[in-house]
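So that the names make sense, note that chain A is the first sequence line, chain B the second, and so on, each numbered from 1.
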2 protein chains.
Amino acid sequence: MSLESAVGKMRGRGYKVTPQRVAVLGALAAEQHQSLEGIRARCPGVGMVTVYRTLDLLGSLGIVRRLDLGDGARYELAADHHHHMICESCGDISEFEECPLDSARIPTQNQGFEVRSHSVEVYGRCAACL
Amino acid sequence: MSLESAVGKMRGRGYKVTPQRVAVLGALAAEQHQSLEGIRARCPGVGMVTVYRTLDLLGSLGIVRRLDLGDGARYELAADHHHHMICESCGDISEFEECPLDSARIPTQNQGFEVRSHSVEVYGRCAACL
DNA sequence: CCCGTAGATGAAAACTTTTTTCATTGACAG
DNA sequence: CTGTCAATGAAAAAAGTTTTCATCTACGGG
């Protein structure tokens, strides 16, 4: 999810491209899995309310994804499909690309459920904490 | 996770078995995936603070599990291993037992990560909403 | 069975996080 | 350039959670 395509999505849907929104996008691009506090620190000139509203907007556009991994809300740019490995000791979050889900074993057919997305989180201890 | 074994875990670790704690356990047993509000409604005589503290305690004992599926905290009795299927339209949560994870495809070896647990959430549309 | 005590409870207050309100500002189409 | 309507920001409100502290009680020892 490049900054240009995000801006294009906003323009395409009739939303204005303001410096504040661009600043929030830039903050999100700097690091994945940031807390609201972290994002705010990266765009000092933007009011808290605007950060909240921008994250909502970007979320509804599918540009950012909100994570709840047990320690409050975190946000990531919804780029590629990936999953999370969370260390229960130090809280470090790492990503992995290969999807370990076997879709054949998701019991959707008999329940008539249409899958649109999924998430996988693996909890444990990272190498540094062992 | 029967009520008796939960009580046993509490006793075993030196925690007192109070009527309030039993009431919260009973509320949790009545339905999975309840919000704090729902749990509170099922044990009217128990103060909010005590419900929070009891959920914390039961969580640390591994008796309940906290879920963050996008619409605030929910709690479930940590019984069997199971995963969640969430309808993005009506918010209904259903469970499935069969684990669709292929552990061989979790890249833990090269990263020296020790897996202790995992969660899988499948999002989409349920039969009723389609 | 009763007592003493450490742990548990509940009300209020404090805090944190998120949303609403509303006057002002500014992006951008024409 | 100009007008308009969405966007912004400060303050206040609302929602969610934790701390404080005085009182109460589960339960082991007597």
Side chains of B/Gln32 and B/His82: is there a donor and an acceptor less than 3.5 Å apart?
no
Protein-nucleotide distance (A/Arg40, atom CZ; C/dT18, atom C1'), rounded to Å
12 Å
Kindly say whether A/Ala27 contributes a backbone atom to a donor-acceptor pair with the side chain of A/Gln34 at under 3.5 angstrom?
yes
Measuring from B/Tyr123:OH to B/His84:NE2, what's the distance to the nearest 0.5 Å?
10.0 Å
Do B/Leu25 and B/Met48 land in one hydrophobic cluster if side-chain heavy atoms of ILVMFWY residues count as linked below 4.5 Å?
yes
Toward the 5' end of DNA chain C, which comes first, A/Pro19 or B/Val46, by nearest nucleotide?
B/Val46
B/Leu55 versus B/Leu36: any side-chain heavy-atom pair under 4.5 Å?
yes
Do A/His118 and A/Cys99 have side chains that approach each other closer than 4.5 Å (heavy atoms only, starting at C-beta)?
yes
For A/Met10 and C/dC28, what is the distance between atoms CE and P respectively, to the nearest whole Å?
10 Å
Identify, between B/Leu36 and B/Lys16, the residue whose nearest nucleotide on DNA chain D lies closer to the 5' end.
B/Leu36
Backbone N or O of A/Ser89 within a donor-acceptor pair of the A/Arg125 side chain at under 3.5 Å?
no
Along DNA chain D, first and last positions that approach a heavy atom of chain B under 4.0 Å:
D/dG16 to D/dC27
Between A/Ile106 and B/His83, is there a side-chain heavy-atom distance shorter than 4.5 Å?
no
Compare side-chain N and O positions of B/Arg21 against OP1 and OP2 of C/dT9 and report whether any pair is under 4.0 Å apart.
yes
Remember a base hit wins even if backbone is also touched, and classify B/Arg66 as base, sugar-phosphate or nothing at under 4.0 Å, heavy atoms.
sugar-phosphate
When you compare the side chain of A/Ser94 with that of A/Cys126, does any pair of heavy atoms fall below 4.5 Å?
no
Taking DNA chain D as the partner, which of residues 48-60 of chain B come within under 4.0 angstrom of it by heavy atom?
B/Met48, B/Val49, B/Tyr52, B/Arg53
Value rounded to 0.5 Å, distance of CG in B/Leu58 from NZ in B/Lys9:
10.0 Å
Measure from CG on B/Asp68 to C1' on C/dT17 and round the result to the nearest Å.
14 Å
Nearest-neighbour nucleotide for the B/Gln20 side chain, C/dA27, C/dG10, C/dG7 considered:
C/dG10
Using five base pairs at each end, measure the axis-to-axis angle across the helix from C/dC1-D/dG30 to C/dG30-D/dC1 and round it to 10 degrees.
40°
Whole-Å distance between C/dA8 P and B/Tyr15 OH?
7 Å
Checking B/Ile93 against B/Leu67 for the side-chain contact (heavy atoms from CB on, under 4.5 Å) test, could you report, in this order, the C-alpha distance in whole Å, the side-chain angles of both residues, the deciding distance, and whether it holds?
CA-CA 11 Å; B/Ile93 304 170; B/Leu67 307 173; 5.7 Å; no
